Amino acid sequence: MGTVGASADETAGERRQLINVAYRLLGSLTEAEDAVQDAYARWCALPRSRQEEILSPGAWLTTVTSRICLDLLGSARARRERYVGAWLPEPLPDRTEWDHAGGADLTGLADPADQMILDESVAMAFLVVLESMTPAERVAFVLHDVFRYPFVEIADVLGRTPAACKQLASSARRRASVAHAPVTATGQADVVRHVKEAWETKDIAALVRLLNPAAVMTADGGGMVGTVLRPVEGGARIAQYMVAIADKAPGLELLERSVNGVPGLVAQRAGVVMTVASFDVSDGRVTRIWAVRNPEKLRLWAREG
């Protein structure tokens, strides 16, 4: 991927970019870090003479990381067919709320909170759309539309012509176009706050007013904790389900938190995070709720504060 004359001694400084690329490609920070570590291992395995021939170690690492992610995306489809219930991307807290106490220094060099850039390209709604793409579409779209890599460099990752990569990105862009423009953070925060208040008071009528009649709630427990295995459809049904959860979980505390850079809710009991909920809001009403309950995906949220 390109040649910019960077020194091989600067490869450690590429980790931030690589983590950001890999997370958007995979939807999992754990898998992203593994992919980046694998790429660095391959770099270190190169003979010194070969390293010195590579004018841009960062570009080389990006190409290798992207290829590793492409392979993982292919195998992920088979794994997710065996996954219990719906699979959702791993939610990310704001860097100020990262669980440093949870042993989350994934890189060995720097805290991952300092490496992730939280913008609209990591919003849960966007990541869920990425899941609908083929592996090749996702790689072409993310590298080009999110990170602005030229198609001639993406072609080296995918092993296709630049023209073919352009077509893949175009196809992916059409899939992504179904996602509406995000509301402002303030607007979403207001709606989420009202949902929290109605949920806490078990006010079904208020929840129904806040939910789009065609709203859908998807939960991810991974078979490790109890949750619905299929999406709950319809604002009224979701409202009833939310109140039923509140009835069955005394002592559950709801907190307004940033989830993947967007206002969301965190449910905790005795200081331990049990659920992280993301929302998609349109015209002042919730259209989608994504509730991640799989504890393996909540390790960064393990303990509030």
Side-chain angles (χ1 to χ4, degrees), residues 1-4 6 8 10-44 54-77 89-92 95 98 104 106-160 162 165-166 168-169 172-173 175-176 260-261 297 300:
M1 243 191 207
T3 56
V4 295
E10 299 172 357
T11 56
E14 300 294 332
R15 189 176 293 267
R16 176 188 178 94
Q17 174 79 349
L18 298 175
I19 288 290
N20 277 277
V21 169
Y23 173 75
R24 286 159 177 80
L25 288 177
L26 299 173
S28 165
L29 190 58
T30 302
E31 291 185 353
E33 174 58 16
D34 287 345
V36 172
Q37 295 286 39
D38 190 357
Y40 272 101
R42 296 186 189 188
W43 169 262
C44 293
I54 298 173
L55 298 181
S56 176
W60 187 92
L61 284 165
T62 300
T63 298
V64 173
T65 298
S66 298
R67 287 174 178 167
I68 293 170
C69 289
L70 181 64
D71 290 340
L72 288 172
L73 285 171
S75 62
R77 292 200 159 197
E90 181 182 344
L92 297 178
R95 58 176 48 88
W98 212 275
L106 302 179
T107 66
L109 294 177
D111 194 288
D114 297 326
Q115 309 215 13
M116 286 302 304
I117 297 173
L118 301 181
D119 57 23
E120 63 183 21
S121 69
V122 295
M124 189 64 69
F126 187 79
L127 292 176
V128 169
V129 170
L130 292 181
E131 284 295 314
S132 69
M133 302 175 185
T134 68
E137 285 176 339
R138 186 166 182 170
V139 170
F141 178 73
V142 168
L143 289 180
H144 181 267
D145 284 42
V146 178
F147 292 97
R148 303 303 177 189
Y149 286 106
F151 287 118
V152 67
E153 295 183 359
I154 298 171
D156 192 33
V157 174
L158 294 177
R160 307 191 187 196
C165 294
K166 186 175 182 180
L168 286 169
R173 205 172 295 122
R175 295 176 188 262
N260 287 62
K297 296 183 179 183
L300 297 174

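Treat the numbers as computed from the prediction; the structure is a model and nothing was measured.
- Residues that satisfy the salt bridge (charged side-chain N to carboxylate O under 4.0 Å, His left out) test with Asp71, not counting sequence neighbours, are absent from this structure.
- The two residues Ala136 and Leu70 have their closest heavy-atom pair at N-CD1, 4.0 Å.
- With hydrogens and angles disregarded, no donor-acceptor distance shorter than 3.5 Å links the side chain of Glu131 to the backbone of Val128.
- Residues passing the salt bridge (charged side-chain N to carboxylate O under 4.0 Å, His left out) test with Arg160, sequence neighbours excluded: none.
- The minimum heavy-atom distance linking Ser28 with Glu90 is given by the pair OG-OE1, 3.5 Å.
- Contact of the Leu143 side chain with the Phe151 side chain is not registered, since no non-hydrogen atoms from C-beta on lie closer than 4.5 Å.
- Side-chain contact check for Leu118 versus Asn260: every heavy-atom pair is 4.5 Å or farther apart.
- Expressed to the nearest 0.5 Å, how far CZ of Phe141 lies from CG of Leu25 amounts to 11.5 Å.
- The pair Asp38-Arg67 does not count as a salt bridge, with every side-chain nitrogen at least 4.0 angstrom from each carboxylate oxygen.
- Residue Leu73 holds its CG atom at 9.5 Å from CG of Leu130, rounded to the nearest 0.5 Å.
- What you find for Ala140 and Ala169 is that their closest heavy atoms are CB-N, 4.0 Å.
- When all heavy atoms of Arg24 and Met116 are compared, the closest pair comes out as NH1-CE, 3.8 Å.
- Once rounded to the nearest 0.5 Å, the distance linking CD of Glu14 with CH2 of Trp43 reads 10.0 Å.
- Taking all atoms of both residues into account, the shortest heavy-atom contact from Val157 to Ser66 is CG1-CB, 3.5 Å.
- Counting only heavy atoms from C-beta outward, the side chains of Leu168 and Met133 never approach each other to under 4.5 Å.
- The minimum heavy-atom distance between Gln17 and Tyr149, with the atom names listed, is NE2-OH, 3.1 Å.
- The salt bridge (charged side-chain N to carboxylate O under 4.0 Å, His left out) check on Asp34 picks up nothing, with sequence neighbours excluded.
- Of the inter-residue distances, the one linking Leu158 atom CG with Glu153 atom CD reads 12.5 Å to the nearest 0.5 angstrom.
- A distance of 11.5 Å separates CZ in Phe147 from CD1 in Ile154, rounded to the nearest 0.5 Å.
- Residues Val146 and Phe126 are in side-chain contact: their nearest non-hydrogen atoms beyond the backbone lie under 4.5 Å apart.
- Here Tyr23 contributes atom OH and Ser121 contributes atom OG; the two are 9.5 Å apart, rounded to the nearest 0.5 Å.
- Using modelled atom types, one finds no donor on one side chain facing an acceptor on the other under 3.5 Å when comparing Asn20 with Arg16.
- We find that Arg15 and Glu33 are joined by a salt bridge, their nearest charged nitrogen and carboxylate oxygen being less than 4.0 Å apart.
- No donor-acceptor pair closer than 3.5 Å links the side chain of Thr65 to the backbone N or O of Thr62.
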